[in-house]
Amino acid sequence: MPASWLNRQLMFELLKKDTATEARLGLLTTAHGVIDTPVFMPVGTQASVKALDPRELDEMGTQVILGNTYHLYIRPGLDIITAGGGLHRFMNWSKPILTDSGGFQVFSLAKIRKIKAHGVEFRSHLDGSLLFLGPKESMEIQRVLGSDIAMVFDDCPPHTATAREVRAAVERTIRWAGECSVQPRAPGQLVFGIVQGGSHQALREECAKAITALGFDGYAIGGVSVGEPEPEMLQAIEYTTPLLPANQPRYAMGLGTPAQLVELVARGVDMFDCVLPTRVARNGTAFTRKGAISLKGGGYKADFGPIEEGCPCFACQRFTRAYLRHLLNVNEILGLRMLSVHNSHLFLDVMADMRGHIAAGTFAGFRREFIANYVPSRRVLAARKGVHPVDEERGEAS
Ligand SMILES: [Zn+2]
């Protein structure tokens, strides 16, 4: 297929590969603009990045956001989005959008009635109505939404799945990817394949081989951020990245904390999405380059410094920790909005720093210093020691 091969070469340009790590610098061209990679994609599940407006997203350097097929299909429904001129116009976002396939939500949120050969029959988590989503339906919804990057419909089993269940999910994922690859697309829409296989190296290999053979525009590593401890997540990424074509974009789904983003870029991943920046903001947690802090704590009662010294974001330029703590404690919307601004800004800034350092050939030093300064959450620390406490900072898709 020389024509599609040519398109693919033009679609993703690998500008530089770091010499000391697997980090890569690239340009991903989509129908709504060019994306500098590595890139972080804020999550706009319900056609909105929670608490942030498009102007703020634009000002903090957002290049691409994620929209959610399952949620948008259920509400407001495709009729309304079609009448509104497609997802970009409906939500007034003119830059690139990636849509997930809805598979993750069907398997995690909905009440599944039956998994069939060509999709899943399930009941809506909202009103219990009977719905069906499979490769054909998912690609059609994403075509109508008009996203720049569509994801194939896959089966993403939880961390607790048995080896036999993961194998069944891999087989289904491969079959469904084949069905997705031949469905109609929106003009200029790219389609990414997804590699499943959990923490099983052989299954990851088998899945990567079959999915890359189908010839997608980019490849995602799925089945990470599904409740597994950090070392297992990193290992699944390490199993998978060498199996993916070097000249195409690689996307780790649903990850991660700032320190994890640095470690994953060092392992050759180009694209990320995560609900963490806006989700933890809603319970008063701010990310900094030294780790996450809970601003509701009494220690910040009379702290008149910014959330993070030197941060150029609107919240840090205008407001003090003491004031934001007060807003959070009396449930003022401005408090969680400003934490969402700061957290999202930080994630985007860390990505911009990494791009700068890869370009300058100084990424390895940046990584070393960043990781040395960053104090991971209790959950991550506990997982490194082999225990699994319940924690609020899960990065699952909403
Ligand atoms: Zn800030």
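Below, each value reflects all heavy atoms present in this structure, side chains not excepted, and no hydrogens, waters or symmetry copies.
Side-chain atoms of Q189 come within 3.5 Å of backbone atoms of A186 as a donor-acceptor pair (strictly under, hydrogens ignored). One N or O on the side chain of D273 and one on the backbone of G254 form a donor-acceptor pair closer than 3.5 Å. Side-chain atoms of R250 do not come within 3.5 Å of backbone N or O of A220 as any donor-acceptor pair. One N or O on the side chain of S108 and one on the backbone of F104 form a donor-acceptor pair closer than 3.5 Å. In this structure, the side chain of N343 engages the main chain of T285 through a donor-acceptor pair within 3.5 Å. At least one donor-acceptor pair under 3.5 Å links the side chain of R204 to the backbone N or O of V195. A donor-acceptor contact shorter than 3.5 Å is absent between the side chain of T69 and the backbone of G102. Without hydrogens or angle criteria, S147 side chain to L98 main chain gives no donor-acceptor distance under 3.5 Å. T257 places a side-chain N or O within donor-acceptor distance of the main-chain N or O of Q260, the cut-off being under 3.5 Å. At least one donor-acceptor pair closer than 3.5 Å links the side chain of T212 to the backbone N or O of K209.
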Anything under 3.5 Å between a donor and an acceptor, one on a side chain of residues 292-306, the other on a protein residue two or more places apart or in another chain? List them.
| from | atom 1 | to | atom 2 | distance (Å) |
| --- | --- | --- | --- | --- |
| D303 | OD1 | G305 | N | 3.0 |
| D303 | OD2 | R321 | NH1 | 3.1 |

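Within 6.0 Å of CG in L130 there are more than 12 heavy atoms belonging to other residues, nucleotides or ligands. No more than 12 heavy atoms of other residues, nucleotides or ligands shown are found within 6.0 angstrom of NZ on K111.
Taking 4.5 Å as the limit, every side-chain heavy atom of K17 sits out of range of all side-chain heavy atoms of L25. Counting only heavy atoms from C-beta outward, the side chains of R143 and Q183 never approach each other to under 4.5 Å. With a 4.5 Å cut-off on side-chain heavy atoms, L261 and M351 count as touching. In this structure, the side chains of L145 and L72 come closer than 4.5 Å at one or more pairs of heavy atoms. Between E308 and R289, the closest side-chain pair of non-hydrogen atoms falls below 4.5 Å. Between V43 and V49 the shortest side-chain heavy-atom distance does not fall below 4.5 Å.
Applying the side-chain hydrogen bond (donor to acceptor under 3.5 Å, both in side chains) test to S124 and every residue at least two apart in sequence or in another chain returns D127. With sequence neighbours excluded, the residues satisfying side chain to side chain contact (heavy atoms under 4.5 Å, CB included) with V330 are H326, E332. Here K95 pairs with D58 under the salt bridge (charged side-chain N to carboxylate O under 4.0 Å, His left out) rule; sequence neighbours left out. With sequence neighbours left out, K16 forms a salt bridge (charged side-chain N to carboxylate O under 4.0 Å, His left out) with no residue at all. When the salt bridge (charged side-chain N to carboxylate O under 4.0 Å, His left out) test is applied to E59, the partners found at least two apart in sequence or on another chain are R55. For D53, the side-chain hydrogen bond (donor to acceptor under 3.5 Å, both in side chains) test picks out no residue, with sequence neighbours left out. Looking at residues two or more places apart in sequence or on another chain, you find a salt bridge (charged side-chain N to carboxylate O under 4.0 Å, His left out) between E263 and R267, R367.
Within the structure, the ring pair (Phe, Tyr, Trp, His ring centres under 6.0 Å) test picks out the following pairs touching residues 165-192 (sequence neighbours left out): F153-W176. Every pair passing ring pair (Phe, Tyr, Trp, His ring centres under 6.0 Å) that includes a residue from residues 331-352 is listed here, sequence neighbours excluded: F40-F347, F287-F347. A ring pair (Phe, Tyr, Trp, His ring centres under 6.0 Å) check over residues 223-255, counting only residues at least two apart or in different chains, returns nothing. Within the structure, the ring pair (Phe, Tyr, Trp, His ring centres under 6.0 Å) test picks out the following pairs touching residues 72-99 (sequence neighbours left out): H32-H88.
Both I237 and I371 belong to a single network of hydrophobic side chains, linked directly or stepwise wherever heavy atoms of I, L, V, M, F, W or Y lie under 4.5 Å apart. Taken together through direct or relayed side-chain contacts under 4.5 Å among Ile, Leu, Val, Met, Phe, Trp and Tyr, F132 and I112 form parts of separate hydrophobic clusters. When hydrophobic clusters are built by joining Ile, Leu, Val, Met, Phe, Trp and Tyr residues whose side-chain heavy atoms come closer than 4.5 Å, directly or via intermediates, M233 is not grouped with L243. Hydrophobic clustering, with ILVMFWY side chains joined whenever heavy atoms are under 4.5 angstrom apart, groups L131 together with L126.
For the atom pair S225 OG and L255 CG, the distance stands at 4.5 Å (nearest 0.5 Å). Atom OG1 of residue T45 and atom CG of residue D100 lie 8.0 Å apart, to the nearest 0.5 angstrom. Taken from SG in C207 to CD1 in I221, the straight-line distance is 11.5 Å, to the nearest 0.5 Å. Separating the SG atom in C156 from the CD atom in Q196 is a distance of 4.5 Å, to the nearest 0.5 Å. Separating the CG atom in L28 from the CD atom in Q63 is a distance of 9.5 Å, to the nearest 0.5 Å. Separation of atoms CD (Q235) and OG1 (T240) is listed at 10.0 Å; rounding is to 0.5 Å.
At a cut-off of 3.5 Å, with distance as the only test, a side-chain donor of Q142 or T99 sits close to an acceptor on the other residue. Remark: the E179 side chain and the H118 side chain contain an N/O donor-acceptor pair separated by less than 3.5 Å. With no hydrogens or angles considered, no side-chain donor-acceptor pair links N68 and Q46 at under 3.5 Å.
Salt-bridge annotation for R167 and E171: present, with a side-chain N of the basic residue lying under 4.0 Å from a carboxylate O of the acidic one.
Remark: aromatic rings of H357 and F363 are distant, center separation not under 6.0 Å.
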T162 and V166: CA distance, side-chain angles, deciding distance, side chain to side chain contact (heavy atoms under 4.5 Å, CB included) verdict: CA-CA 6 Å; T162 63; V166 178; over 6 Å; no
Full working for salt bridge (charged side-chain N to carboxylate O under 4.0 Å, His left out) between R24 and D18: CA-CA 6 Å; R24 299 133 55 91; D18 188 44; over 6 Å; no
